[in-house]
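Report on the structure given below.
A, B, ... follow the sequence lines: proteins, then strands. Residue 1 opens every chain. Everything numeric here is computed off the predicted structure, so don't read it as measured data.
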Protein chains: 2
Amino acid sequence: MGKPAQKVVNAEKALMALRNHSEAERRRRERINGHLATLRSLIPGTNKMDKAALLAEVINQVKELRRTVAEATDGTLVPTDMDEVKVEEQEDLNDGAFISIRASLCCDFKHELLVDLREAIEALPLKTVRAEIATLGSRMVNIFVISGCNEGESDEGEEGIKLVKSVRDALRSVLDKFYASEEFSSRNTLSGKRRRVSFFSPTNSSSLGDIW
Amino acid sequence: MGKPAQKVVNAEKALMALRNHSEAERRRRERINGHLATLRSLIPGTNKMDKAALLAEVINQVKELRRTVAEATDGTLVPTDMDEVKVEEQEDLNDGAFISIRASLCCDFKHELLVDLREAIEALPLKTVRAEIATLGSRMVNIFVISGCNEGESDEGEEGIKLVKSVRDALRSVLDKFYASEEFSSRNTLSGKRRRVSFFSPTNSSSLGDIW
DNA sequence: GCGAACACGTGAGGC
DNA sequence: TGCCTCACGTGTTCG
């Protein structure tokens, strides 16, 4: 151990550290309580509730709002709580020469994911005929209708099946990359209830141009 | 002060009190953290956020859901954030003999308030022709169409005006009673933004029978 | 070793 | 008085 003077310096440092600590903790509390205050102001009737009751009310609000949205948007394009990749070949009106594929991806709404998704779609040797995106809370669902000319390498739907598969793989790899970066936080195992949803109906969701 | 033995007893009591205290505090923490956990499970993508970030996300969710609801329910009956009593005489198709009144009450959704409201309406010397209630979050809006025969005591719309006034007073007293019991928690002074709402349009809101 | 985030126990104040 | 909620400072752990 050092000289007495050194001891004093050490003691001062220790005190400073303690001060920093308690101040940081104070700031942390302020952040949290600030958010709680915001929630209070956001939800009427919670003015004189304690923290626990407030949070309970918040939970109710979120659930209730989701129910309301689910009812109100019934019959429109709405993302569900479950991740999903769906790719299927479209019934094609004019036979043979072109194939058309409808692909949908439902997942968390993240900007990076959107970027990756666009890249993946553009990398495909196909033309995007229609693209639609709808978000709800932190979730999103993307629908693509993409088509390409059937180059007749093989008869029947052989070519179509291969394309469907490649599109599906592309979407899945986008999703997988995202979850790899997110450490895959056990979404699919829990998340009990699913919402009824009708995918293929006229929508009032935002156009792609607004977001991309 | 008492004998030494008494001192020991007091010390034991104090220790017990302290124990109780810390245990109660522990339970309180558990309640709060439990609610935070359910919020985490409710909102995807918040798994590895700290408390403050989680709450921030919750706030966003609530705002976002409300926006969504506001868009989706456009043109339907939706309660606003502002308390309101509106009573007006209806244009009456068949002249004279009957008067028809449309009354609406927008306020917090409370069961007791609903009971009082029904009593108030039933106490009126009028017949309820139509009643409709819509809730959103913790808010509700009630619409009544009530009518009575014009007993011809005075000419012109004199009678109608008196009836409108009595209905308005009835609704207001219901609201006042409620806020008196709630200590009037400064709702009307703040609550900045109002939502656009169209009151008089076809609705898909729940029928009265479901709640009354 | 620091900064950040958390749980903990304790003192203060409100019915 | 006893019970409850809250804010505070502290000990601890993790990156």
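Taking atom NZ of residue B:Lys51 and atom P of nucleotide C:dA4, one finds them 17 Å apart after rounding to whole Å. Going from atom CG of B:Asp50 over to atom P of C:dC6 covers 5 Å, rounded to whole Å. Remark: C1' of C:dG9 and CD of B:Glu30 are 14 Å apart, rounded to the nearest angstrom. When the C1' atom of D:dA7 is taken as reference, atom CZ of A:Arg27 falls 16 Å away, rounded to whole Å. Rounded to whole Å, the distance from CG on A:Leu54 to P on D:dC6 is 9 Å. Between the P atom of D:dG2 and the CG atom of B:Leu18 lies a distance of 14 Å, rounded to the nearest Å. Protein atom NE2 of B:His35 is 15 Å distant from nucleotide atom C1' of D:dT5, rounded to whole Å. One atom, CD of B:Glu23, and another, C1' of D:dT5, lie 17 Å apart when rounded to the nearest Å.
Comparing B:Ser22 and A:Ala17 against DNA chain C, the residue whose closest nucleotide sits nearer the 5' end is A:Ala17. Checking B:Ile32 against B:Asn20, the closest nucleotide of DNA chain D that is more toward the 5' end is the one next to B:Asn20.
Ranking C:dC6, D:dT5, C:dC8 by closeness to the B:Arg28 side chain, first place goes to D:dT5. Distance from the side chain of A:Asn33 is smallest to D:dA7 among C:dA7, D:dA7, C:dA5.
In this structure, A:Arg27 does not pair ionically with A:Glu30, as no charged nitrogen and carboxylate oxygen lie closer than 4.0 Å. Taking the charged nitrogens against the carboxylate oxygens, B:Arg67 and B:Glu64 have no contact shorter than 4.0 Å, which rules out a salt bridge.
Of the side-chain N and O atoms in A:Lys48, none sit less than 4.0 angstrom from OP1 or OP2 of C:dG14. OP1 or OP2 of D:dG9 has at least one side-chain nitrogen or oxygen of A:Arg29 nearer than 4.0 Å.
At a cut-off of 3.5 angstrom, the base of D:dG11 holds at least one donor-acceptor pair with the side chain of A:His21. The base of D:dG9 is not paired with the side chain of A:Arg19 by any donor and acceptor separated by under 3.5 Å. Residue A:Glu25 places a side-chain atom within donor-acceptor reach of the base of C:dC6, judged by atom type and a 3.5 Å distance cut-off alone.
Between A:Ile101 and A:Val167 the shortest heavy-atom distance is CD1-CG2, 4.2 Å. Contact record, A:Glu88 with A:Val164: C-CG2, 4.3 Å, taken as the closest heavy-atom pair.
The residue A:Arg31 sits close only to the backbone: its heavy atoms come under 4.0 Å of sugar-phosphate atoms, none of a base.
Using a 4.5 Å cut-off on side-chain heavy atoms (C-beta onward), A:Arg19 and A:Leu15 make no contact.
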